[in-house]
Participant: 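Before anything else, here's the structure in question.
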Amino acid sequence: MYDIKWIRDNSDAFDAALARRGLAPHSADILKIDEERRTLIQTLQDAQTKRNSASKEIGKAKASGDEAAAQKLMDEVAQAKSTIQSGEEQQREIDARLREALSTLPNAPLDDVPAGEDESDNIEVRTWGEKPSLSFSPKQHFELGEDLGLMDFDTAAKLSGARFVVLKGALARMERAIAAFMLDIHTGPEKDGLGGYQEMLPPAIVWDETMYGTGQLPKFADDLFQVQGFELDRDEFERLSKKYPEIQDEYGVLAWFDLIMAATYDDKNIIDKSLKLIEQSVDEEDRESVRNLTSGFKRWLIPTAEVPLTNMVRESIVEEGDLPMRMTAWTPCFRAEAGSAGRDTRGMIRQHQFSKVELVSITTQDQSLDELERMTGCAEEVLKRLELPYRTVVLCIGDMGFGARKTYDIEVWLPGQDMYREISSCSVCGDFQARRMNARYRAKDDPKDIRYVHTLNGSGLAVGRTMIAIMENYQNDDGSITVPEALRPYMGGLETIAAG
RNA sequence: GGAUGGGUGGCCGAGUGGUUGAAGGCACUGGUCUUGAAAACCAGCAGGCGUGCAAGCGUCUCGGGGGUUCGAAUCCCUCCCCAUCCGCCA
């Protein structure tokens, strides 16, 4: 979310930022809306001023018993009122237009972010570790897992469809072990740029507003899973629809039909619209029943713990002394993968459900750039301790997410695929999410100085992909897998996973 | 699912139609006192938007939305959330 005032003063810089994202200039359109909005506000406020002062006069006139003067003032107010009413309506409409325009644009990249179209333009900043030299032809993780009898995609498909997996035995345990191992690193004492994160266990189901705060909504609803359900009161529906059979919507469709379809397909907007229409058309005595015809529920499954963790500071003002706030959580993540049909269809790389240990930092405006380096280091530390070779790249603009100003991806080496694959993504969002969330902090030296926080998020790490990396890097020629030393305490001392 | 009670400033909490943007307290900031600190005392202290070089002025906001009224935190409607009790239940 951009600051309209900033756009006003820096329209060229704004359009330049969009251009770097490959977007057409928007400042002219936005400033036109802004101009319109400000003119409207001015007239609206003038009318309100008139109404307010006249109302006070009325109070005085009535108190002093001057009914004639009061009556005259009341006529004046009545006139102002109609101006106000239509003005408020117009303002709601124009506010929505401005919000829509501002909230669907991606964040501006930092100056040092490389230009580029896609992942081939990302720039490697460092590599770590030795790729294992295997004396045999390495297998991919799903071959290893299936051969061990511990990774079952067929049964998962029976239960839930494509892009799910059932892990068994030592692999199921390894998921838990990896997560605990990572959490212990991040929640350890704050030292040498590591640790200091507070462990959280947040909800995995959230409101629209929460998704809006971190930028998943309104643009990326297709990537998310929804949890929803609406119920119709059938008896009342039958009674009312028989009593008032003729109510039609603007297309000449029966409102009752709209309502029952909307309830069947859980479309809250159409439900509300139909109910309003019906309510207006029935007798007074039935209005209440109409309102209570449906009951319902609509939420979203989180695609990452970034969503609930970052939104913890939504609609709040924190003290500067409490920053940086560092939080970590191991949660399930749910992604529709709508745009990924046909990509990574085999194996565990891309699933509808996976678990991840997430890192989130809420910082002051001065801290966020350093925090990005620190956070990336915390994520890399996990791979170092597991002795998994990786490289860190800085994403080019075209590969960067909607809310990010700069992103490092950490890519782990996968011998079975003979390539590096993303296992973590650490981003600094500046005040982009904070504006959407209205999350602010009070400056230490000046209590009146209230600023937007900066937010960062990063995987520390994706648990399933870490398991894949362990399996492929630690595989032996007999198809068994050596458990990395650091993980053994979490696996009850188990050293090797072999077919039983 | 049934019954009741609630949602007010950074926090707690008063306030049922007329200078109430809102008493009081806590927290915070400045000052007095003190060797220093604490305590005590004095003063300041909501956010957004518009306008202005600024001081300021205007306007909106007491869970969200709509309505009644000349005037709403206060009345009405609706949605959401929270709490307690009962029922059910991992």
Side-chain angles (χ1 to χ4, degrees), chain A residues 1 3-6 8-9 33-64 66-85 87-89 91-96 98-99 102 203 205-210 212 230-231 233 268-269 271-273 275-276 278-280 282 284-299 313-323 434-453:
Chain A
M1 172 77 86
D3 181 3
I4 183 65
K5 287 187 212 158
W6 182 82
R8 243 176 248 158
D9 299 337
I33 300 175
D34 180 48
E35 194 62 40
E36 227 178 289
R37 176 171 172 275
R38 286 195 287 167
T39 310
L40 180 65
I41 285 176
Q42 214 51 48
T43 47
L44 178 59
Q45 290 195 352
D46 286 347
Q48 286 167 329
T49 308
K50 199 186 279 176
R51 177 200 60 190
N52 290 349
S53 60
S55 292
K56 279 182 189 166
E57 296 291 319
I58 292 170
K60 280 182 199 160
K62 289 221 166 191
S64 66
D66 188 349
E67 284 299 328
Q71 190 53 50
K72 193 168 161 242
L73 287 160
M74 276 157 78
D75 294 343
E76 234 172 79
V77 169
Q79 204 157 30
K81 265 188 74 169
S82 70
T83 312
I84 290 169
Q85 196 134 31
E88 283 178 340
E89 215 160 285
Q91 196 189 345
R92 269 195 291 281
E93 190 261 338
I94 203 163
D95 281 352
L98 188 61
R99 198 172 337 107
L102 291 174
I205 297 178
V206 299
W207 298 109
D208 288 20
E209 289 81 351
T210 312
Y212 178 85
F230 292 93
E231 277 182 37
D233 183 331
K268 180 96 168 79
N269 293 335
I271 288 174
D272 289 345
K273 210 172 137 193
L275 283 179
K276 202 163 181 188
I278 293 169
E279 192 187 329
Q280 285 165 358
V282 302
E284 186 69 42
E285 63 195 37
D286 287 322
R287 299 233 161 112
E288 175 103 25
S289 325
V290 170
R291 284 181 215 116
N292 296 326
L293 264 177
T294 63
S295 52
F297 176 96
K298 178 184 152 197
R299 309 281 157 88
V313 292
R314 190 172 108 231
E315 297 292 333
S316 64
I317 301 175
V318 299
E319 298 299 327
E320 181 177 352
D322 295 335
L323 301 176
R435 287 182 187 283
R436 293 170 157 256
M437 297 189 298
N438 199 22
R440 294 162 297 170
Y441 68 98
R442 197 180 292 279
K444 208 183 279 177
D445 49 11
D446 181 4
K448 290 205 146 183
D449 187 0
I450 291 175
R451 311 178 182 181
Y452 288 106
V453 298

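Chain naming here is simple, since letters A, B, ... match the order of the sequence lines and numbering starts at 1 in each. Only a predicted model underlies this, so the values are computations on that prediction, with no experimental measurement involved.
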Participant: According to side-chain contact (heavy atoms from CB on, under 4.5 Å), who are the partners of D322(A), at least two apart in sequence or on a separate chain?
Facilitator: E319(A)
Participant: Would you kindly give the CG-to-C1' distance between N438(A) and G9(B), to the nearest whole Å?
Facilitator: 15 Å
Participant: Let's test this: given Watson-Crick or G-U wobble pairing with both distances under 3.5 Å, identify the partner of G9(B).
Facilitator: none
Participant: With heavy atoms under 4.0 Å as the rule, sort Q45(A) into base, sugar-phosphate or nothing.
Facilitator: base
Participant: I need the CD-C1' distance between E35(A) and G50(B), as an integer number of Å.
Facilitator: 12 Å
Participant: Return the pairing partner of C28(B) with a 3.5 Å limit on both distances, Watson-Crick or G-U wobble; otherwise return none.
Facilitator: G44(B)
Participant: Only counting residues at least two apart or in another chain, list the ones meeting side chain to side chain donor-acceptor pair (under 3.5 Å) with R99(A).
Facilitator: none
Participant: Roughly how many Å is it from NZ in K5(A) to C1' in C49(B), rounded to a whole number?
Facilitator: 8 Å
Participant: For U68(B), give its Watson-Crick or G-U wobble partner with both distances under 3.5 Å, or none.
Facilitator: none
Participant: With L102(A), which residues qualify under side-chain contact (heavy atoms from CB on, under 4.5 Å), at least two apart?
Facilitator: M1(A), Y2(A), I4(A), I7(A), I30(A), L98(A)
Participant: Distance check needed: G58(B) C1' versus I84(A) CD1, whole Å only.
Facilitator: 13 Å
Participant: Which nucleotide, in any strand shown, forms a Watson-Crick or G-U wobble pair with C49(B), with both distances under 3.5 Å?
Facilitator: G58(B)
Participant: Listing request: all salt bridge (Lys or Arg N to Asp or Glu O under 4.0 Å) pairs with a residue in residues 42-51 of chain A, at least two apart in sequence or in separate chains.
Facilitator: none
Participant: In whole Å, what separates the P atom of G52(B) from that of G47(B)?
Facilitator: 22 Å
Participant: Expressed in whole Å, how much space separates the P atoms belonging to U61(B) and G66(B)?
Facilitator: 10 Å
Participant: In whole angstrom, what separates I450(A)'s CD1 from G10(B)'s P?
Facilitator: 8 Å
Participant: Roughly how many Å is it from CH2 in W207(A) to P in C80(B), rounded to a whole number?
Facilitator: 8 Å
Participant: Can you find a side chain N or O atom of R51(A) that sits less than 4.0 Å from OP1 or OP2 on U59(B)?
Facilitator: no
Participant: In this structure, how many angstroms lie between the C1' atom of C82(B) and the CD atom of E315(A), rounded?
Facilitator: 17 Å
Participant: Give K50(A) one of three labels, base, sugar-phosphate or nothing, depending on what nucleic acid heavy atoms sit under 4.0 Å from its own.
Facilitator: nothing
Participant: Q48(A) has a side chain; which of G48(B), C80(B), U59(B) sits nearest to it?
Facilitator: U59(B)
Participant: How would you list, by chain and number, every residue that makes a side chain to side chain donor-acceptor pair (under 3.5 Å) with D3(A), sequence neighbours excluded?
Facilitator: none
Participant: Using the P atom in both, what is the distance from G24(B) to A14(B), to the nearest Å?
Facilitator: 15 Å
Participant: Can you tell me how far P in C62(B) sits from the matching atom in G44(B), rounded to whole Å?
Facilitator: 26 Å
Participant: On the nucleotide A27(B), are OP1 or OP2 found under 4.0 Å from the side-chain N or O atoms that R442(A) carries?
Facilitator: no
Participant: Go ahead and name the base partner of G1(B); Watson-Crick or wobble counts if both distances stay under 3.5 Å, otherwise write none.
Facilitator: C86(B)
Participant: If the threshold is 4.0 Å, N to carboxylate O, is there a salt bridge linking D34(A) and R38(A)?
Facilitator: yes
Participant: Would you kindly give the CG-to-P distance between D34(A) and C49(B), to the nearest whole Å?
Facilitator: 12 Å
Participant: For nucleotides 62-66 of chain B, tabulate all protein N/O to nucleotide N/O atom pairs closer than 3.5 Å, reporting atom names and distance.
Facilitator:
residue, atom, partner, partner atom, Å
G66(B), OP1, R92(A), NE, 3.1
G66(B), OP1, R92(A), NH1, 2.6
G66(B), OP1, R92(A), NH2, 3.3

Participant: Which part of the nucleic acid, if any, lies within contact of R99(A), taking any heavy atom under 4.0 Å across all strands shown: a base, the sugar-phosphate backbone alone, or nothing?
Facilitator: nothing
Participant: Could you report the tightest heavy-atom contact between L44(A) and I84(A), atom names first, then the distance?
Facilitator: CD1-O, 3.7 Å
Participant: With both distances under 3.5 angstrom, what nucleotide forms a Watson-Crick or G-U wobble pair with A39(B)?
Facilitator: none
Participant: Taking V206(A)'s backbone N and O only, do any of them form a donor-acceptor pair with T210(A)'s side chain (distance below 3.5 Å, no angle check)?
Facilitator: no
Participant: Can you name the closest pair of heavy atoms from Y441(A) and Y452(A) and give their distance?
Facilitator: CE2-O, 3.4 Å
Participant: Is A73(B) paired to anything, Watson-Crick or G-U wobble with both distances less than 3.5 Å, and if yes, which nucleotide?
Facilitator: none
Participant: U34(B) and A27(B): how far apart are their C1' atoms, nearest whole angstrom?
Facilitator: 24 Å
Participant: Using the C1' atom in both, what is the distance from A22(B) to G15(B), to the nearest Å?
Facilitator: 8 Å
Participant: Return the nucleotide paired to U34(B): Watson-Crick means purine N1 to pyrimidine N3 with N6-O4 or O6-N4, wobble means G-U with N1-O2 and O6-N3, both under 3.5 Å.
Facilitator: none
Participant: Quick one, which residues of residues 36-44 of chain A touch RNA chain B with a heavy atom under 4.0 Å?
Facilitator: R37(A), R38(A), I41(A), Q42(A)
Participant: Take atom P in G50(B) and the same atom in G17(B), then report the distance between them in whole Å.
Facilitator: 36 Å
Participant: For the P atoms, the ones on A72(B) and on G18(B), what distance do you get once it is rounded to whole angstrom?
Facilitator: 11 Å
Participant: Both Y452(A) and I317(A) contact RNA chain B. Taking the nearest nucleotide for each, which residue is further toward the 5' end?
Facilitator: I317(A)
Participant: Report which part of the nucleic acid R299(A) touches: base, sugar-phosphate, or nothing (heavy-atom distance under 4.0 Å, all strands).
Facilitator: sugar-phosphate
Participant: Does a side-chain N or O from R8(A) land closer than 4.0 Å to OP1 or OP2 of C49(B), or not?
Facilitator: no
Participant: Can you sort out the partners of T43(A) under side-chain contact (heavy atoms from CB on, under 4.5 Å), two or more places apart, ordered by chain and number?
Facilitator: L40(A)
Participant: If the condition is side-chain contact (heavy atoms from CB on, under 4.5 Å), which residues does E93(A) pass it with, not counting sequence neighbours?
Facilitator: R97(A)
Participant: Would you mind reporting whether Q42(A) and R37(A) have side-chain heavy atoms less than 4.5 Å apart?
Facilitator: no
